[in-house]
Every structure is written in structure tokens, then in C-alpha cells.
Participant: 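Below you'll find the structure I mean.
In what follows, every chain begins at residue 1, and chains take the letters A, B, ... in the order their sequences are listed. Atoms considered below: every heavy atom in the structure, side chains included; atoms not considered: hydrogens, waters and symmetry mates.
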Number of protein chains: 2
Amino acid sequence: MNLTLLTDFYELTMMQGYFKSYDRDGKVIFDFFYRTNPCDGSYSIAAGLEQVIDYINNLNFSPEDIQYLREQKIFEEDFLDYLSHFKFTGDIYSVPEGTVIFPNEPVMKIIAPIMEAQIIETGVLNIMNHQSLIATKASRVKWSAKDNIVLEFGLRRAQGPDAGIYGARAAVIGGCSGTSNVLAGKLFDVPVKGTHAHSWVMSYDDELTAFRTYANLYPDACLLLVDTYDTIRTGVPNAIKVFKELKEKGIKPKLYGIRLDSGDLAYLSKKARKMLDNAGFEDAVISASSDLDEYLIQDLKSQGAEITVWGVGTNLITSKDCPAFGGVYKLSAISKGDTFEPKIKVSENPEKITNPGNKKIYRVYDKDSGKIKADLIALDHEDIKETEPLLLFDPKATWKRMILKPGTFTLRELLIPIFIKGHCVYNSPKVMDIQKYCFTELESLWPETRRIINPQYVYVDLTTNLYNLKQEMIERFRETEI
Amino acid sequence: MNLTLLTDFYELTMMQGYFKSYDRDGKVIFDFFYRTNPCDGSYSIAAGLEQVIDYINNLNFSPEDIQYLREQKIFEEDFLDYLSHFKFTGDIYSVPEGTVIFPNEPVMKIIAPIMEAQIIETGVLNIMNHQSLIATKASRVKWSAKDNIVLEFGLRRAQGPDAGIYGARAAVIGGCSGTSNVLAGKLFDVPVKGTHAHSWVMSYDDELTAFRTYANLYPDACLLLVDTYDTIRTGVPNAIKVFKELKEKGIKPKLYGIRLDSGDLAYLSKKARKMLDNAGFEDAVISASSDLDEYLIQDLKSQGAEITVWGVGTNLITSKDCPAFGGVYKLSAISKGDTFEPKIKVSENPEKITNPGNKKIYRVYDKDSGKIKADLIALDHEDIKETEPLLLFDPKATWKRMILKPGTFTLRELLIPIFIKGHCVYNSPKVMDIQKYCFTELESLWPETRRIINPQYVYVDLTTNLYNLKQEMIERFRETEI
């Protein structure tokens with residue numbers, strides 16, 4: 001589907017306004033950033049860049065699109081003609097997918113003529129907000145599951161086909177080992193997983209026949225769903241019978257075991273573990289899938305649940321306790337001649353005041369541990385060096401400050417060029433490689449920052465220059481009539 | 001995108017299992033139903049049927065799909081050959097889109113060979129769960145807004161492109177007058193709405209110039225966003241200046257007014273109303289958009305907020321407080337010779353026990369008021385008549401019973417044929433017509449059933465025959481070893 005019209009109507013009315021009454025070629029800068037981490041966490045994972053690139057490369061108003069807009073009786077022919085030749089010609093900088101990100105830092109920066117920067121707002125937000133949300137949620141679930149396997153099983157409860165497809169992609173980036181979603185598996189070359197449903201068991205006259213039939217067909221990946229009728233009374237005993245039959249035939253499955261999908265997972269998994277062990281099936285896997293999320297997995301593990309594979313559905317694919325990522329897209333500068341004039345959005349609400357100007361992000365690492373000390377937002381022309389003392393201070397409480405000595409820290413610039421003059425200059429890695437990168441990113445967080453409840457926050461500081469610019473602009477605004 | 005692989009992997013492993021070891025031509029019946037209404041409501045709205053029809057009509061494993069499956073090294077060539085010729089040949093019955101539905105009734109029924117019925121499970125659930133969720137949420141928001149206008153503004157926070165597109169469709173079905181989503185507007189011929197963003201105001205040297213420029217371009221639909229800097233100090237006064245200028249020029253806008261997007265909407269709207277009225281702009285519209293949902297709108301209206309147009313974003317497009325609709329797809333019968341043998345899924349949890357057999361739904365209306373008295377699930381061969389006394393009883397508390405006298409009630413069968421022998425026999429209405437139908441459906445609910453908090457539930461009863469069948473099957477299960 002051509003997604004060029006995947007935009008809010010006001011982007012088009014504003015565009016026509018700029019077309020009619022504005023410096024069409026003058027460039028502006030928009031920042032994509034967010035203000036609060038999902039699920040009361042202390043970090044997020046950026047995801048969606050590959051789809052943003054596709055979206056921008058494919059921007060193209062078809063004749064039917066133009067005709068549709070004409071029928072709205074609000075757009076004039078010269079503007080429609082402009083749209084029919086529309087192409088994105090700007091620059092985009094972004095953090096790579098899988099990067100750990102924090103509130104208020106510009107994780108994507110768009111520098112383009114105002115009409116071009118405006119039309120892509122909604123599409124960029126839609127894609128980045130969705131995938132960043134699910135990647136973040138998945139990383140939380142994986143954190144709770146520790147070295148266990150987490151699988152994404154949510155397609156049937158996802159908010160439409162794309163939410164299932166790109167949600168599965170993001171879930172793998174954030175830490176899932178695979179997905180049940182076959183189309184996502186094909187599109188992104190990620191492992192697909194799954195065995196059978198209750199209906200399989202109900203289709204046969206009895207559970208044992210259903211299990212036996214399945215095991216004979218798939219002896220190498222034989223996870224039997226044991227809760228169709230009664231997990232302990234019939235399900236696990238029937239599974240054990242079938243595993244014995246395989247053994248007697250000399251078949252040694254690569255992967256075999258049971259799946260629990262209802263009931264008290266702590267009790268049932270411990271009971272089933274004992275039954276399997278007593279029958280000599282110590283290597284049988286116990287997997288579970290039943291309204292799981294990071295909180296429940298952590299709780300089940302603390303109860304000693306004997307589960308090592310977690311199929312997580314609804315609560316991951318919708319990020320149920322926080323189903324929206326609040327990414328925003330805000331104007332930060334407008335070109336005046338050869339330079340950019342910083343712009344600020346003032347608000348009664350201090351958190352909603354934006355950071356003005358053309359900016360970049362430095363990530364500051366503790367040299368010994370490799371862990372993140374803070375992020376530092378700088379103006380683009382500033383050159384922060386590892387060889388000079390680095391002042392960090394909390395922009396909300398400026399008396400909280402420290403000076404890092406050279407040799408104790410390393411710096412990394414986070415924003416990399418994605419589009420230059422409308423041409424994509426970036427190759428997206430494969431999803432499983434993004435996952436690997438994401439795991440190293442997550443390693444750079446202290447465990448106190450990763451924990452599920454009441455985590456320690458990471459500071460996102462401003463350089464002195466940026467801080468002073470922001471204060472001056474706020475003061476100037478307060479003093480003038482608008 | 002070809003959605004044929006939009007399915008859980010286990011559907012395919014089960015399919016191959018049936019292909020190898022089962023009566024391939026024997027038919028089965030699956031029911032789509034749900035157990036709990038979203039957001040503690042007492043009803044839901046069915047939506048998504050048109051997309052289910054498209055999905056089923058387009059089911060088709062491409063050579064690349066087949067190759068992808070082959071590479072999974074679990075499917076055999078005879079099965080892959082079967083898939084490469086796959087076509088849905090079954091029957092589907094459904095309630096029309098926009099129908100009010102209740103828990104536990106089969107609102108869609110699939111009668112097909114087992115492999116065909118199994119492969120469509122995930123796609124049907126994905127589509128129906130998503131759109132029914134958002135249509136239901138929209139109907140709640142519209143109920144709170146009473147005769148005010150509700151607009152869908154959530155695309156940037158939707159869970160991916162489809163969630164924005166089909167979410168907008170469902171939101172209109174449930175009660176929104178339009179959407180900001182241009183692509184949804186084009187695809188479904190629904191009104192698109194929107195004016196300008198904060199960035200428009202920030203792009204000009206001052207707010208007044210930005211407003212004036214906008215008003216001159218769009219004098220017929222001039223809703224000015226007044227909170228970029230300071231709503232009461234500058235926003236509303238500048239808007240009033242611009243409205244006066246239009247008036248002086250003799251321009252009488254069709255629609256004009258302001259939009260509030262932050263701050264205390266009760267206070268600001270009342271204050272702005274007075275300022276506009278005092279300036280002679282009694283017909284200026286006050287619209288609002290800021291983390292709205294059905295609870296907040298009801299609360300704002302109870303405070304006397306002077307808002308008549310509500311732009312609802314994140315909380316509607318994600319159904320934030322309940323982002324998943326729990327629709328399930330359960331086997332209810334398997335053909336044995338010429339008849340269907342009923343199947344039941346037993347569970348320790350009484351709510352999870354399914355209703356067995358080939359079923360249909362009667363809606364029972366109170367003849368005088370036209371309001372719904374109850375829904376009655378019957379076996380397909382039963383013929384319930386308006387001319388005979390009708391026994392209704394609560395299947396959970398069978399002593400709660402009543403007999404309706406002929407002449408006091410009317411009956412309507414809810415399930416209508418959509419596919420017969422693989423051919424679609426149903427034409428989907430236009431979305432705005434579905435909305436009209438949905439409004440008449442909602443009128444058939446008592447206000448006590450529609451209210452947002454603690455609504456009265458509607459009974460979904462079983463006929464005596466179905467009730468007895470279910471009890472017998474449960475008893476039989478409890479007495480036998482499986």
C-alpha cells in the first residue's frame with residue numbers, strides 16, 4: 001500500500017499554507033524525541049528506522065491521491081501540481097535501531113525545506129512510536145526472563161496486521177528469540193516458532209491419540225499442550241506416555257516437552273517438572289503462555305516456577321499497561337540566511353518546553369566499566385573532547401554537578417546520517433544483527449537502571465551553551481508580548 | 001502485501017498434521033466469540049468483516065511463500081503442493097459490522113474442512129479483535145460526548161500504519177464524525193479533518209501573523225490552535241483579532257473557532273467562551289484535543305466545559321485502558337457422516353467452558369420499546385417463534401427465569417451468510433452507512449447498559465436444548481478418563 005497519504009490532514013493544509021506564503025526553500029529542523037519512558041521504566045529502545053527509510057524512499061503522490069485531495073475542495077491546482085512532483089530532498093540523522101535512548105534527547109533529526117519536513121511528521125511518528133514501544137517492552141520481558149527464552153506469540157491480539165508484523169520485528173529487536181508470526185519470519189528472516197493448539201487435541205477422540213499423532217509427525221520439535229482437559233490428571237501423563245513411546249522407538253527428539261496455557265503456572269510447572277523427572281525426562285522443556293508479562297514472569301521465577309520458555313502474547317504485542325510511546329516531532333530551528341535560528345516551544349508545563357537549536361547527542365561512558373554515565377545534548381557546532389575535563393550538571397537542579405577528568409570517560413556521538421540531500425546513505429542491518437547490537441546496548445546500562453520497578457534514572461544533560469541558550473530564549477519570551 | 005502468511009506457525013504445523021493423518025474433507029465448525037467487554041463495558045461493536053472478506057478472498061500462497069516454508073525444513077512436498085493450490089471453500093456466517101454484540105455468543109461461525117478453518121484462525125482474530133476493540137471504544141467516547149462531534153486524531157500514536165488506517169475506520173463505525181488520517185479518508189470515503197499544529201505558529205515571527213496567514217488561506221474552515229504560547233494572554237485575543245479582520249472584510253466563515261490542546265480544558269474553555277462571546281463571536285466553535293477519553297469528556301462536561309468538538313487521539317486509537325479485545329476462535333463441532341458432532345472445551349474455570357454444537361443467535365427485543373431484552377443462543381436446527389411463549393433463563397443461575405408472552409417481544413436472527421462454498425455472497429456497506437446502522441443498533445440498548453461506569457449487563461441465554469446438551473457433555477467428561 002502506498003503510504004504517502006498516511007498523514008494527518010493538517011500536515012497538508014499547513015503545507016499548502018507554506019507553499020502559498022512562506023520561504024519554500026528555507027530549511028527547518030525538526031527533532032523526534034519523547035518525554036517519558038513506557039511502563040515507568042528508565043530507558044527505551046529505538047526501533048522502526050528501516051521502515052521510516054522505506055516510507056521516505058517511497059513517498060509519491062499518485063494521480064489517484066491527487067484526485068482525492070482535489071475532491072476535498074481545499075487545495076489549489078498549483079499546490080496539487082507541486083505535490084504530484086513531490087520528493088524528499090532533506091537530511092535525516094538518527095540513532096541506529098536497537099539503541100538505548102532516554103527522554104528529551106533528539107533521537108532523530110530532520111533538516112529539510114519546511115513543507116517536506118512537515119509532511120513526514122505523522123508517518124515518522126507512527127512508525128517510530130510503535131516499534132520503539134514494542135522493542136522497549138520486549139527488552140523488559142527478556143530482562144525478567146533472564147537467560148530463558150522469550151517468544152513473541154501475540155499476532156491474534158495485535159492492533160491489526162501491521163501491529164502484528166512490525167510488532168514481531170520490534171519484539172525480536174528487544175530480545176525475543178522468535179515469533180509465532182510466519183509473515184514476520186519471512187519478511188525479516190527471524191525464527192518462527194509454535195506447535196499446536198487446543199483445537200488439535202479436541203479434533204481427535206482422545207488426548208493421547210492427538211499427542212501421539214503430533215509426536216509421530218514432529219518428533220524433532222514436540223512441545224505438547226497439556227491443558228486442554230486437565231493438566232495434571234491427563235495432560236502431563238499422556239505427554240509422558242508419548243515421550244516413552246518415542247524413546248522405545250529409539251527416537252531422540254531435538255526439542256520436546258510440554259506447554260502450559262492456563263491455571264496456576266507456578267504450581268503446575270513444579271508438579272509437571274517432578275512428573276517428567278520421575279519418568280526420566282529431565283531434559284523435557286516446560287514452556288508457558290498465559291497472559292504473561294515482565295511482572296508476572298519475575299513473580300513466577302521468584303516462586304521457583306520450572307519454566308524455561310515463555311510465550312508472551314497480548315501484553316507484549318500491545319504493550320498492554322502502556323500501549324503508546326509518546327514520541328513527538330518538534331520544530332527546533334529555522335534557517336535565516338546561512339545559519340539556523342533556534343526556535344523554542346514555551347509552555348506553562350516546564351517538561352513541555354523544548355530544547356532549541358541544531359543539536360547532537362554525546363553518550364558519556366564510564367571508562368572502566370563501559371556503563372553509561374549520562375547523555376549530553378550539545379549544539380551541533382560544539383566539539384566535546386575526551387581529552388578535556390567534562391562538566392555535567394542536572395538542567396533541573398543545576399547545583400547537582402560534577403566534572404569528569406580526562407581518562408575516566410569515553411564519548412560517542414549517537415546521531416548518524418541516514419539521508420543526505422534526499423538520498424539514503426545508510427544500510428539497515430538484518431533484524432537479528434540489530435538484536436545483537438541491542439543486547440550490547442543494554443549491557444551498557446547498570447542493572448539498577450534495567451530493573452522493572454523503581455529503576456534508577458539516567459541523566460540527560462545539556463551543555464552549558466545549550467542550557468544558556470534555552471534560558472535566554474525563555475526569558476526573552478516571558479518579557480515580550482507576542 | 002499478501003497476508004496469506006499472516007498466521008501463527010502452529011496453524012501450519014497443525015494443518016500438515018491434518019493433511020497427513022485426518023479426514024481432510026470432513027468439515028468442522030469454529031466459533032469466533034469473546035468473553036469480556038472492553039473497558040468494563042456491557043456491550044461491544046463488531047467490526048472488521050470487510051477486511052476479513054478481503055483477507056479470505058486473497059488467500060493465496062505465492063511461490064515465494066512456499067519456498068520460505070520449504071526452508072523451514074518441517075513441511076513435506078505433498079503438503080506444500082496442497083498449499084500452493086489452497087483456496088477457501090467453506091461457509092462463513094457473521095453478524096454485520098456495526099452490530100452490538102455480547103460476550104460468549106458466536107458472532108462469526110466458520111464451517112469448513114478442518115485445514116481451511118484452521119489456517120484462517122489467526123487472521124480472522126487479528127482483524128476482528130482490532131476493529132471491534134476500536135469501534136467499541138469509539139462508541140463509548142461518543143456516548144460521553146452526547147450530541148457533540150468526536151473526531152479521531154490518533155494516527156501518530158497508533159500501533160503501526162494499519163492500526164491507524166483500520167483504527168480510523170473502526171472509530172468512524174463506532175461514532176466518530178471524521179478522522180485526521182488522510183489515507184483512511186481516501187480508502188473508506190469518510191470525512192477528514194484538521195487545521196494546523198504548533199509548528200505553524202512557531203514558523204512565523206509572531207502568533208498573530210501565523211493566525212492571520214492561516215485565516216486568509218482557509219477562511220471557510222478556520223480553527224486556530226491557541227495554546228502555543230499562552231492561551232488566555234495571547235492565543236484567544238489574537239484569534240479574536242483575526243476573526244474581527246475577517247468580519248471587516250465581509251468574510252463569513254462556514255466554520256471558525258479555536259482549538260485547545262493543553263492546560264485545564266474546563267477553565268480555559270469557559271474563559272475562552274466568554275472572551276469570544278463578548279467579542280460577538282457566539283458561533284465560534286471551541287474544540288479540544290489533549291489526552292481525551294470517555295471518562296475525561298464526561299468529567300469535563302459535568303464541569304460545564306464549553307467544548308463542542310472533541311479530537312480524541314492516543315486513548316481512542318490504542319484503546320489505552322484496554323488495548324486488546326479478547327476474541328477467541330474455538331472448535332464447536334466436527335462432522336460425522338451427515339451430521340455434526342458437538343465438541344466442548346472443558347476447563348476448571350467455568351467461564352472458559354465453550355458452548356458446543358452448530359449454533360445461531362436470536363436477539364429478543366421488547367416489542368413496545370424496541371430495546372434488547374436478551375440474546376438467545378440456539379442450536380442451528382431449532383426454530384424459535386414469536387408466536388409461542390419464550391422461556392428465558394440465566395444459564396449461570398437457572399432459577400432466574402421468565403416466560404415472554406407472544407405479542408410482547410420480537411425476534412431477529414443475527415448471523416447472516418457471508419461466504420457459501422468459498423464464494424462471498426455479501427456486499428459490505430460503505431463505512432458511513434455502517435455507522436448509521438451502528439447508531440440504530442446502539443439505540444436498541446437501554447441507557448443503563450450504555451453508561452460508562454458500572455453498566456447494567458445484558459443477558460445472553462441458552463435455549464433449553466443447548467443448555468442440556470452442554471450439561472450432558474460436561475457430565476460425560478467428568479465421568480470418563482481421557
Side-chain angles (χ1 to χ4, degrees), chain A residues 3 5-10 12-14 17 20-21 68 114 122 125-126 129-130 155-164 166-167 180 182-183 186 192-200 202-203 206-207 213-214 217-218 229 234 262-263 314 318 320 323-324 331 334 343 345-348 482, chain B residues 3 5-10 12-14 17 20-21 68 114 122 125-126 129-130 155-164 166-167 180 182-183 186 192-200 202-203 206-207 213-214 217-218 229 234 262-263 314 318 320 323-324 331 334 343 345-348 482:
Chain A
L3 296 182
L5 291 188
L6 189 79
T7 191
D8 288 312
F9 191 62
Y10 77 5
L12 290 164
T13 51
M14 284 192 281
K20 295 281 182 187
S21 70
Y68 172 73
I114 194 163
T122 315
L125 287 174
N126 174 279
N129 277 335
H130 172 229
L155 176 56
R156 64 190 53 198
R157 301 284 169 80
Q159 297 195 347
D162 282 348
Y166 301 110
S180 66
V182 185
L183 186 50
K186 182 190 169 202
V192 291
K193 301 287 176 188
T195 57
H196 71 82
H198 297 117
S199 60
W200 174 267
M202 292 163 71
S203 301
D206 59 80
E207 191 177 49
T213 308
Y214 195 86
L217 279 162
Y218 302 112
Y229 300 114
T234 74
S262 61
T314 310
T318 63
K320 194 172 182 188
L331 183 70
I334 296 184
K343 287 280 174 175
K345 158 105 177 69
V346 181
S347 171
E348 285 303 300
I482 299 126
Chain B
L3 296 182
L5 291 188
L6 189 80
T7 190
D8 289 312
F9 191 63
Y10 76 3
L12 289 164
T13 52
M14 284 193 282
K20 295 281 181 186
S21 71
Y68 171 73
I114 193 163
T122 315
L125 287 174
N126 174 280
N129 277 335
H130 172 228
L155 176 54
R156 63 192 53 200
R157 300 285 169 80
Q159 296 195 347
D162 281 347
Y166 300 111
S180 66
V182 185
L183 186 50
K186 182 190 168 202
V192 290
K193 301 286 176 189
T195 57
H196 71 82
H198 296 118
S199 60
W200 174 268
M202 292 163 69
S203 302
D206 58 81
E207 192 177 46
T213 309
Y214 195 86
L217 279 162
Y218 302 113
Y229 299 114
T234 73
S262 61
T314 310
T318 64
K320 193 171 184 189
L331 183 70
I334 297 184
K343 286 281 174 174
K345 159 104 176 70
V346 181
S347 172
E348 286 303 301
I482 300 127

Participant: CH2 of A:W200 to CD1 of B:I114: how many Å apart, nearest 0.5 Å?
Facilitator: 8.0 Å

Participant: Based on non-hydrogen pairs under 4.5 Å, which of B:K343, B:M202, B:K20 is most in contact with chain A?
Facilitator: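 Ranked by contacts with chain A, first place is B:M202.
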
Participant: Report yes if the side chains of A:T13 and B:Y214 come closer than 4.5 Å at any heavy-atom pair, otherwise no.
Facilitator: yes

Participant: Of the listed residues (A:N126, A:L183, A:L125), which shares the most heavy-atom pairs with chain B below a 4.5 Å separation?
Facilitator: A:N126

Participant: For chain B, find which of A:I334, A:T318, A:L12, A:L217 contributes the most heavy-atom pairs closer than 4.5 angstrom.
Facilitator: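 Most heavy-atom pairs within the cutoff with chain B belong to A:T318.
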
Participant: If you look at every heavy atom in A:T195 and B:Y10, which pair is closest and at what distance?
Facilitator: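 Heavy atoms only, the tightest pair is O-CB, 2.9 Å.
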
Participant: Do you know which of A:G194, A:P323, A:G263 has the most heavy-atom pairs under 4.5 Å to chain B?
Facilitator: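 Ranked by contacts with chain B, first place is A:P323.
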
Participant: With chain B, which of A:S262, A:A163, A:S199 has the greatest number of heavy-atom pairs at distances under 4.5 Å?
Facilitator: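 Ranked by contacts with chain B, first place is A:S199.
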
Participant: Considering only heavy atoms, which portion of A:K345 lies under 4.5 Å from any heavy atom of chain B: side chain, backbone, both, or neither?
Facilitator: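 The answer is both parts of A:K345.
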
Participant: Looking at every non-hydrogen atom in both residues, tell me the closest pair between A:H196 and B:M14 and how far apart they are.
Facilitator: CB-CG, 3.7 Å

Participant: Which bit of A:H198 comes within less than 4.5 Å of chain B, counting heavy atoms only: side chain, backbone, both or neither?
Facilitator: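 Side chain only.
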
Participant: When only pairs under 4.5 Å are counted, which of A:G17, A:P161, A:G164, A:A158 shares the most heavy-atom pairs with chain B?
Facilitator: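 Max contact count across the listed options: A:P161.
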
Participant: In the structure I gave you, are the side-chain heavy atoms of A:L6 and B:L155 within less than 4.5 Å of one another anywhere?
Facilitator: yes

Participant: Checking B:K193 against chain A: side chain, backbone, both or neither under 4.5 Å from a heavy atom?
Facilitator: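 Looking at B:K193, just its backbone touches chain A.
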
Participant: For B:N129, is it the side chain, the backbone, both, or neither that has a heavy atom closer than 4.5 Å to a heavy atom of chain A?
Facilitator: side chain

Participant: Can you tell me which of B:S203, B:G167, B:S21 forms the most heavy-atom pairs within a distance under 4.5 Å of chain A?
Facilitator: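 That would be B:S203.
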
Participant: What part of A:T7 lies closer than 4.5 angstrom to a heavy atom of chain B: side chain, backbone, both or neither?
Facilitator: both

